[in-house]
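As structure tokens, the structure follows; a few thoughts come after it.
Reminder, nothing fancy here: chain letters follow the sequence lines and each chain counts from 1. Model, not experiment: these values are computed from the prediction.
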Number of protein chains: 2
Amino acid sequence: MTSIGIDAPRVDGPAKVTGQATYTADIVLPGMLHAKVLRSTLPHARLVRIDVSAAERELGVITLTRDDLAGIDPYYGAVLKDQPVVAIDRVLFAGDVVAVVAAESRDIAEEALDLIEVEYEALPSVGDPFAAQAPGAPILHAERNTPEVQFLDMKSVHFQADSNVCSIYHVAQGDFEAGYAAADHKFDDVYTVPTIQHGHMEPHASTAYWEPGGKLVVHTATQNPSVIRTQLAEMFSLPESMVRVIVPYLGGGYGAKTYPKLEPIVAVLSRKAKRPVSLVLTREEVFMTAVRHAASVRIRTGINNDGQIVARKVEATYDTGAYADIGPRTCKNGGYASGGPYRIEHQDLTSYCVYTNRPPSGAFRGFGVPQVCWPYESQMDDMARRLGVDPVALRRQNLIHEGDTFVTGDKLIAIGLDKCLEEVASAIGWKGIESTRPMPSDKPGFVRGIGIAVMIKSTMTPSNSAASVRLNSDGSATLLTSSVEMGQGPHTALAQIVAETIGLPLNRVTITFPDTDFTPYDQSTSSSRTIFSMGHAAQKAGLQIRDQLLEIAAKQLEASPGDLQIEEGIIAVKGSPDRSLTIPQAFRAHFGTPVGSLFGAFDFQTTGGLRPEDGKGKASAFWFLSAAGAEVEVDTRTGKIRVIKAVTVVDTGKTINPRQCWLQNEGSMLTALGSALQEEMVFDNGQPVNSSFLDYLMPSMEDYPDEFQSMLVETPHPEGPFGAKGMGEAALGPVAPAIGNAVSNALGGIRLRDLPLRPERVLDAIDAAAASGAAASGAAASGAAGAGNGGEAAR
Amino acid sequence: MTSIGIDAPRVDGPAKVTGQATYTADIVLPGMLHAKVLRSTLPHARLVRIDVSAAERELGVITLTRDDLAGIDPYYGAVLKDQPVVAIDRVLFAGDVVAVVAAESRDIAEEALDLIEVEYEALPSVGDPFAAQAPGAPILHAERNTPEVQFLDMKSVHFQADSNVCSIYHVAQGDFEAGYAAADHKFDDVYTVPTIQHGHMEPHASTAYWEPGGKLVVHTATQNPSVIRTQLAEMFSLPESMVRVIVPYLGGGYGAKTYPKLEPIVAVLSRKAKRPVSLVLTREEVFMTAVRHAASVRIRTGINNDGQIVARKVEATYDTGAYADIGPRTCKNGGYASGGPYRIEHQDLTSYCVYTNRPPSGAFRGFGVPQVCWPYESQMDDMARRLGVDPVALRRQNLIHEGDTFVTGDKLIAIGLDKCLEEVASAIGWKGIESTRPMPSDKPGFVRGIGIAVMIKSTMTPSNSAASVRLNSDGSATLLTSSVEMGQGPHTALAQIVAETIGLPLNRVTITFPDTDFTPYDQSTSSSRTIFSMGHAAQKAGLQIRDQLLEIAAKQLEASPGDLQIEEGIIAVKGSPDRSLTIPQAFRAHFGTPVGSLFGAFDFQTTGGLRPEDGKGKASAFWFLSAAGAEVEVDTRTGKIRVIKAVTVVDTGKTINPRQCWLQNEGSMLTALGSALQEEMVFDNGQPVNSSFLDYLMPSMEDYPDEFQSMLVETPHPEGPFGAKGMGEAALGPVAPAIGNAVSNALGGIRLRDLPLRPERVLDAIDAAAASGAAASGAAASGAAGAGNGGEAAR
């Protein structure tokens with residue numbers, strides 16, 4: 001193969017390094033107005049009165065309030081339509097959209113916000129899922145719409161009415177209670193992760209206008225243009241062909257740009273303004289628009305003296321914020337993956353998606369899984385320590401393998417997790433049980449440790465990706481796809497797949513940007529599904545073109561199609577390179593003149609879904625499998641942790657572009673490193689207080705490990721193009737527990753259960769362990785609240 | 001049928017009547033520069049020196065001259081690459097491109113033109129094809145490139161070297177000399193038409209920029225984006241997929257916007273400027289950019305006393321101006337159609353395409369045929385008058401019919417010309433030979449007359465149109481096509497074809513604008529080929545989707561696909577409307593979830609072409625057939641002609657949208673009325689002198705006939721969608737001879753042979769006839785020079 005498995009240079013490179021790449025906020029349309037949003041100052045309140053007359057009168061701006069929603073369905077949402085374009089009766093979080101102003105300039109719009117009078121009646125608010133479930137808590141969505149499952153298979157999720165629990169997912173096998181009771185050792189811990197930010201460089205941005213013929217056109221920074229089209233078509237009761245969604249380069253998404261964000265606002269406001277309206281958020285507003293679910297996970301595990309894990313019960317409670325967004329599915333995905341990639345006879349897994357008066361939580365790289373991987377991989381090391389065994393060996397003993405049945409009932413295929421585990425152990429320098437002990441540091445007061453972790457994660461299933469390939473008569477080809485180039489490299493990797501499939505030089509293949517007028521349906525550029533799903537569709541579409549070329553050439557060359565090959569755009573009889581045809585010659589042979597188009601098109605639907613009665617069925621078209629290793633240095637005087645070395649291993653199925661996979665893993669590692677050590681959105685009385693990159697501590701190059709190693713394991717998947725599976729977010733999940741395990745090993749078994757591993761928490765844990773003398777026993781309590789923490793449950 | 005044959009409202013209507021439709025000149029890109037062209041002041045000169053340093057220094061503009069052409073092929077052209085981006089060694093007409101300036105504003109660019117110093121060495125010039133062929137005439141393209149036939153079948157055209165004759169086409173059957181010698185009556189006349197202007201409202205406009213990745217993007221007012229892409233790819237040695245051509249609404253084309261015009265200029269200049277460059281022509285420049293071929297046509301016809309035409313020889317000499325453009329093909333098309341739609345045993349038809357020092361002539365609605373229809377239909381009436389027979393009856397006697405073999409060898413099918421003739425005669429009130437006599441007018445000094453004419457014309461053959469249709473899961477569909485909406489209504493009519501084919505409500509189908517990144521190959525939006533060729537492709541693509549829907553529904557409804565119907569988006573068992581499926585339901589049945597895309601794609605290639613040795617083969621995929629009638633009033637004191645009533649009849653094959661066909665016929669009629677009575681580009685010593693709408697007399701509403709009638713005849717064509725043939729330009733050709741015949745009848749047989757029929761020419765003809773007493777005999781000489789004019793040749 002000439003185009004697969006090579007470090008093809010990124011086709012978006014030149015535009016980006018020269019600063020010329022166009023993003024949504026760069027789009028300037030004639031007559032375009034600039035919008036600003038007036039946001040709620042309270043986390044929960046009744047909207048008594050809103051008066052925009054002064055703003056309109058004094059500054060001539062155009063406003064959008066609840067009074068401008070006639071004739072449309074003002075509610076949208078990925079799963080439940082519970083989020084209004086602008087607040088109607090209440091505001092549900094500090095930052096909720098109360099009104100929007102469009103003006104000739106951003107400055108005027110900003111000024112106009114000050115002239116809008118709003119009267120609130122403050123209501124009691126709930127700041128976490130447990131408070132939200134307490135008796136007497138205010139119900140945020142008492143009259144929530146009936147669940148509408150638009151395109152995701154949400155059957156397995158149980159939606160709750162008249163409660164702040166938005167949805168529940170549950171799956172089980174065996175008999176947890178019996179298995180747990182009979183186990184030699186019992187562990188019952190609560191782990192938490194806080195609300196964090198995606199940290200995409202490009203803020204949310206959307207621009208909309210209406211064509212005189214009634215078509216709505218939206219340029220928007222979204223990861224799923226097809227979904228935005230559907231949602232807007234439903235909002236305005238339009239055929240989907242009358243909504244056009246265009247996506248230029250996306251400056252990072254990480255899940256934050258899935259499902260409607262600003263698009264409903266600019267669509268409704270431009271309809272009123274009869275001019276294009278652009279809305280670009282400030283960083284502070286980005287923090288109010290999409291966040292990652294905070295979660296609290298209680299995990300109970302029974303394990304026998306022989307190292308066999310026999311029973312596990314997980315109750316994962318996710319804070320989905322003020323609106324459902326894709327929360328129910330995030331929580332479902334975290335739910336069934338919460339038992340980890342292990343053969344466990346008795347399992348009982350439940351996840352809760354709970355409304356609170358916080359910014360809406362949505363998709364985030366890892367999609368619900370990092371929240372549960374942190375507990376199960378931390379507890380794994382605690383169990384190994386308790387049993388006195390090598391945690392790598394303990395994992396090896398319990399790991400899932402090819403052909404196993406997952407808790408959801410999925411028959412597992414293309415499972416190379418054991419290889420990931422061996423690779424990571426080797427790369428991080430794992431030396432068996434010896435590695436669970438603190439390593440000396442050169443620097444006084446510092447200790448070092450290494451740790452590893454593994455992960456399993458599903459991909460969005462069922463899902464749909466359609467690709468259309470057109471071959472031009474000069475032998476250049478275009479893939480029409482709605483996949484979004486957001487830095488993860490599909491413009492390069494999909495070109496590699498099409499080039500290899502047809503037999504073209506790589507530089508003859510170009511990939512479109514999404515434009516729903518032209519490019520076909522794609523469920524979403526998320527869930528690391530593009531290479532697997534769109535790549536599959538592109539390969540099948542390319543094969544249709546290849547077959548046509550072979551058929552044409554077979555006639556011309558008087559050979560059978562099976563005896564032909566296509567390489568670098570030359571169709572030749574195998575072994576007889578002189579009996580050949582260029583693609584222009586093939587077009588001439590076919591059409592009579594060297595013009596025209598050959599087409600291939602394929603819509604790839606992954607099948608599956610889980611039954612409502614037992615949460616089982618087929619959860620995932622393929623599985624992400626990965627491992628991470630970390631070596632850390634802990635300053636025992638300050639509590640500061642530094643990652644010295646990080647290793648990630650991902651089973652790619654088949655690596656399309658090694659360099660891009662390395663970059664994906666590097667990104668996953670850095671994101672996870674930030675959330676492991678320092679990132680956390682802080683709220684004070686419902687108000688976010690660190691909504692800026694100055695105050696919110698994302699990792700900088702200072703935090704980059706001295707050494708980073710990315711490794712790729714290949715366990716081909718029969719449905720993946722050339723065997724490829726998705727891999728983009730795979731490395732993220734195990735990094736935090738690998739760091740946590742390294743820290744625990746460095747500290748002689750002290751376990752922290754609450755992320756981030758802030759210095760003061762580390763110091764507190766060291767102090768507590770010293771006080772209780774428990775460090776050596778490996779059962780230090782973290783500062784977290786929750787039942788049963790502290791290592792072995794029976795204690 | 002619910003969507004075919006109905007007056008569906010134009011989908012481009014709202015945008016256009018509200019003034020919001022976007023044309024190329026409306027496109028504003030960040031950092032865009034505005035270009036102006038420095039044009040030659042001489043019709044022929046050597047370019048001795050060009051110095052842009054003062055312009056660059058004093059105004060900071062970016063310039064394009066012959067010094068900026070390194071690394072590219074600077075020549076372009078539809079058939080022969082004989083036209084440079086900017087003049088290299090010589091200028092070939094007054095208005096030729098000498099240099100181009102790009103500046104921050106048009107004003108600065110205009111000012112910069114004055115600072116460019118150019119030194120010419122004047123060369124002798126040739127102003128008409130006969131002067132160009134005279135001994136000693138300067139040869140304009142002595143080192144012309146070898147003929148390159150890129151996508152048109154130009155085999156039958158003989159390209160000449162070292163001569164100003166660019167190309168010759170010849171076809172013959174029988175033995176003209178023998179047939180002519182034996183004929184009872186011989187007619188030998190020369191007819192002329194002058195250079196005229198297309199008169200599109202929107203001037204030529206193009207904007208180009210280069211993406212950092214090396215892709216050239218051009219927004220341009222063109223009728224054939226696929227051809228522009230090919231030409232630019234060749235110019236810059238790029239894969240076609242690295243050239244993107246986007247066409248918004250086009251404000252009229254009429255052929256003027258086929259093949260490269262401004263695109264090479266803005267592409268090369270933006271490459272140098274590294275910024276977008278926009279060039280929008282002034283009206284005066286439009287007159288220098290594309291014109292219709294002037295022609296001089298000698299037509300010799302032998303006819304027997306029984307009315308049988310037995311021999312015809314035509315020598316049509318076209319003035320193609322300074323560059324070939326599509327001239328060789330225009331002249332070829334005029335050439336083989338120059339014998340008219342008649343059964344004539346002996347024919348000898350030749351057309352000459354000749355270079356002169358005039359603006360380049362290119363495609364113009366009618367494509368070479370009005371120039372020859374004017375002679376053959378005028379002479380027809382003269383022959384009838386000579387024989388004393390009804391000219392309608394004479395035509396009826398000689399007309400081609402279904403199954404006849406045309407002079408090119410084409411087997412004629414779908415030939416409803418006889419019906420056109422009868423319809424037009426009836427509508428204009430034809431009363432046999434009585435109608436060849438002057439009719440009285442109420443007004444003293446005025447006479448009236450009626451006249452009719454018929455025409456046959458080919459369409460571009462072979463040619464290629466590809467269509468791709470995508471059905472969305474909500475039952476809305478999009479046709480991806482590179483057909484250009486230039487006012488002729490394809491966005492409406494193609495939607496009708498797709499809607500009818502699949503079985504969708506018309507308002508659920510949308511049509512894309514051309515964007516070669518997304519939309520497939522289409523040879524050209526010209527030659528009235530869109531409904532036939534793109535319509536055929538769209539229908540076939542739609543049928544693929546229909547078949548998929550029927551197959552899906554057949555499984556669901558437990559019926560055979562043949563027992564199902566699709567109407568208004570509902571798939572139902574015929575006769576059992578309760579056993580039905582909506583399209584979203586069909587998607588759900590097929591994909592498991594109601595998402596995704598169904599595809600259809602088809603590339604329709606018409607086959608044919610003419611052999612080089614005898615000019616025969618298959619000239620046309622279908623034939624345009626039409627008739628026109630006119631009633632005129634002539635003011636014998638001023639010579640002014642007014643058309644009182646006009647009638648056009650066109651054989652549409654099958655009428656997709658009657659109202660749009662009416663509008664097409666109305667446009668054809670008005671264009672022809674202008675060229676018949678008043679339009680003419682005037683040159684003084686090689687300089688155009690009436691290059692403005694003030695000086696160049698296009699018809700206004702004042703000239704609109706009191707009565708206009710458009711009639712449609714339907715003779716279905718087996719390859720046309722629902723039987724439809726093209727019809728857009730069909731009505732144009734016969735209008736001028738119908739007017740000429742009406743004038744001749746009004747004046748008792750006085751024949752004018754030179755267009756336009758200006759008042760002074762009419763007066764001169766009346767005076768000459770009075771002087772010679774020839775009016776009554778129907779053989780008045782026109783003022784034209786040329787051999788043998790004056791009715792019967794033997795005289």
Residue, of B/A601, B/G596, B/A466, that accumulates the most heavy atom pairs under 4.5 Å with chain A: B/G596
Within the 3.5 Å criterion, strictly below it, is a donor on B/T230 or B/E240 matched to an acceptor on the partner's side chain? yes
Report yes or no: do B/S527 and B/T459 form a side-chain donor-acceptor pair below 3.5 Å? yes
Max heavy-atom pair count under 4.5 Å with chain B, selected residue of A/T519, A/D515, A/D26, A/V28: A/T519
Comparing A/S597, A/P14, A/S468 against chain B, the one with the most heavy-atom pairs below 4.5 Å turns out to be A/S597
When the 4.5 angstrom heavy-atom criterion is applied to B/F513 and chain A, the contacting part is backbone
The interface call for A/T18 against chain B, heavy-atom contacts under 4.5 Å, is side chain
A/R229 portion near chain B, given a 4.5 angstrom heavy-atom threshold: side chain
In short, B/L506 meets B/A8 closest at the heavy-atom pair CD2-CB, 3.5 Å
Report the option among B/S476, B/A233, B/G213, B/G600 that has the most heavy-atom pairs separated by less than 4.5 Å from atoms of chain A. B/S476
Least distance between heavy atoms, A/F518 atom then B/R470 atom: O-NH1, 3.1 Å
Where on B/R508 is there a heavy atom nearer than 4.5 Å to chain A: the side chain, the backbone, both, or neither? both
With sequence neighbours left out, what residues match A/R10 under side-chain contact (heavy atoms from CB on, under 4.5 Å)? A/D12, A/K16, A/E485, A/T492, A/Q660
Please classify the contact between B/L238 and chain A as side chain, backbone, both or neither, with a heavy-atom cut-off of under 4.5 Å. backbone
Under a 4.5 Å heavy-atom cutoff, which of A/S226, A/G13, A/A15 has the most pairs with chain B? A/A15
Measure distances from B/E211 to the heavy atoms of chain A and classify the residue's part below 4.5 Å as side chain, backbone, both or neither. neither
Between A/D522 and A/S465, is there a side-chain donor-acceptor contact under 3.5 Å, judged purely by atom types and distance? yes
Under 4.5 Å heavy-atom distance to chain A, tell me which part of B/A477 shows up: side chain, backbone, both or neither. backbone
Pick whichever of B/V17, B/V509, B/N472 has the most heavy-atom pairs under 4.5 Å with chain A. B/N472
Contacting moiety of B/A467, where chain A heavy atoms sit under 4.5 Å: backbone
Mind ranking A/D517, A/N507, A/T22, A/T607 by heavy-atom pairs under 4.5 Å with chain B and telling me who comes out on top? A/D517
Is it true that atom CD of A/E568 has more than 12 heavy atoms of other residues, nucleotides or ligands lying nearer than 6.0 Å? yes
Indicate whether the side chain of B/N464 and that of B/Q605 have a donor and an acceptor atom separated by less than 3.5 Å. yes
Toward chain B, the part of A/I27 with a non-hydrogen atom under 4.5 Å: neither
Hey, can you tell me if A/Y23 and A/Y249 have their rings parallel, tilted or perpendicular (30° and 60° cut-offs)? tilted
B/T516, part contacting chain A, at a heavy-atom distance under 4.5 Å: backbone
Ring pair (Phe, Tyr, Trp, His ring centres under 6.0 Å) with B/F599: which residues, sequence neighbours excluded? none
Between B/S463 and B/R529: side-chain donor-acceptor atoms closer than 3.5 Å: yes
